[in-house]
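So the structure is just underneath, and the comments pick up after that.
Chain letters run A, B, ... following the sequence lines, proteins first and then strands; every chain starts at 1.
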2 protein chains.
Amino acid sequence: MSRTDPETTGLEHMLCFDLYAANHAFGRMYKPLLEPLGLTYPQYLVMVTLWAAAPLSVGDIGQRLALESNTLTPLLKRLEAMGLVQRTRDSADERRVSVDLTDTGRAREAQAAHVPGCAAEATGLSLDELQALHQQLRKLRSGLKRV
Amino acid sequence: MSRTDPETTGLEHMLCFDLYAANHAFGRMYKPLLEPLGLTYPQYLVMVTLWAAAPLSVGDIGQRLALESNTLTPLLKRLEAMGLVQRTRDSADERRVSVDLTDTGRAREAQAAHVPGCAAEATGLSLDELQALHQQLRKLRSGLKRV
DNA sequence: TGCGACTAGATCGTGCGCGATATAATTCTC
DNA sequence: GAGAATTATATCGCGCACGATCTAGTCGCA
């Protein structure tokens, strides 16, 4: 397929602008919700991951969020300094670092319970629209994986 | 509308993960395309903006990309150091800085002509799907503006 | 004319993202 | 079972993002 016609390239520009801006707008929208919890947006995503399935290795978390150790290591150390998680070398495989929630970290989940609802509300989209967008983005991401 | 039911909050989690991951995946996909041009993804977005409507003030660019001077000033200085743009104080209003393309900067547009098509191709989505996603994201962003 | 409010950019500090590289533990292979 | 290849995490450097703050230029209004 030829993708060099003006229509496509224009649309592609729009799309990359939109995705870029939408992601940042999402982050900004979350900020006031997360501030009381003392978490940044990426830190929150890591905590959500851990609330769902702790303990996880650094690599496990990275795989779920498409992040690498060079991003996660400092972030996890900050979470550890806050007393929310604990990092311990896996005794079975000393290369691995197991990340688990502390009691304080687990307790944060209840304090964050209202966040997803508020965020969904703030998008101004209906359930159907959220679902559609979810599908589109999953498809986009799975397409991009090929590259 | 109550947005505290598990279904919505779960979906909202998925959405914020997807948007986060899709944006990064987009950036990673662009990287090899932009490397020959010597541009990062945000730098490319600024150049696209300028190719469309140079000269623009720092604020104009910021408005189009939802970025502020604290992000743009260093980025534009790097583009200037590369010889792609020129920053000059607006003589009519000395508070403003007018950013214009140099001949080198203008010439980069032709060298980047293949990028949008390649990117659209890499998404693996059809034209209709790209269009739908574009609409969804625009709606999301306009909804988020209320916050 | 002069003072206060406002605006456009710049600067600073912190926290991601990520390519490149380093280190240490494990596994593979002969 | 010793050395090579692989794997998991850490470190380093650079470039965004963005809140907070600063400076300088402009405007409003008596």
Atom pair distance, as rounded to whole Å: CG in A:Leu72 and P in C:dG17: 10 Å
Note, B:Val99 side chain near B:Leu50 side chain (heavy atom, < 4.5 Å): yes
Interatomic distance, A:Asp90 CG vs D:dT9 P [rounded to whole Å]: 9 Å
Sugar-phosphate, base or nothing in reach of B:Asp93, heavy atoms under 4.0 Å: sugar-phosphate
Any side-chain heavy-atom pair of B:Val97 and B:Leu76 under 4.5 Å: no
Short side-chain N/O contact from A:Thr73 to OP1 or OP2 of D:dA10, under 4.0 Å: yes
Short side-chain N/O contact from A:Gln43 to OP1 or OP2 of C:dG15, under 4.0 Å: no
Whole angstrom value for the distance that separates C1' of C:dG9 from CD of B:Gln63: 15 Å
Residue mapping more 5' on DNA chain C - nearest nucleotide basis, B:Glu35 or B:Tyr20: B:Tyr20
Distance-minimising heavy-atom pair for B:Asp100 and B:Pro55: CG-CB, 3.7 Å
Polar side-chain contact A:Arg95-C:dT26 base: donor and acceptor under 3.5 Å: no
5' priority, DNA chain D, between B:Ser91 and A:Val58 [closest heavy atom]: A:Val58
OP1 or OP2 of D:dA10 under 4.0 Å from side-chain N/O of A:Arg87: yes
d(CE, B:Met82; C1', D:dC14) in whole Å: 12 Å
Side-chain donor/acceptor of A:Ser69 to base of D:dA8, under 3.5 Å: no
A:Arg28 vs D:dC18: side-chain N/O to OP1/OP2 distance below 4.0 Å: yes
Student check: side-chain heavy atoms of B:Lys77 and B:Arg87 closer than 4.5 Å: yes
Between C:dG15 (C1') and A:Leu76 (CG): distance, integer Å: 14 Å
Atom-to-atom span, CG of B:Leu67 to C1' of C:dG9 - whole angstrom: 14 Å
Sugar-phosphate, base or nothing in reach of B:Thr71, heavy atoms under 4.0 Å: base
Under 4.0 angstrom between A:Lys77 side-chain N/O and D:dT11 OP1 or OP2: yes
A:Asn23 CG - C:dG17 C1' separation (whole Å): 12 Å
Of the listed nucleotides D:dC16, C:dA10, D:dG25, the one nearest the side chain of B:Arg89: C:dA10
Distance-only donor-acceptor test, B:Asn70 side-chain atoms vs C:dG9 base atoms, 3.5 Å: no
Sugar-phosphate, base or nothing in reach of B:Glu68, heavy atoms under 4.0 Å: nothing
Nearest-nucleotide comparison on DNA chain D, the residue closer to the 5′ end among A:Gly27 and A:Val97: A:Val97
Check against side chain to side chain contact (heavy atoms under 4.5 Å, CB included), A:Thr123 and A:Leu133: CA-CA 11 Å; A:Thr123 61; A:Leu133 185 50; over 6 Å; no
Whether A:Tyr20 and A:His24 hold their rings parallel, tilted or perpendicular, with breakpoints at 30° and 60°: perpendicular
Nucleotide C:dG15, atom C1' - distance to CG of A:Leu39 in whole Å: 13 Å
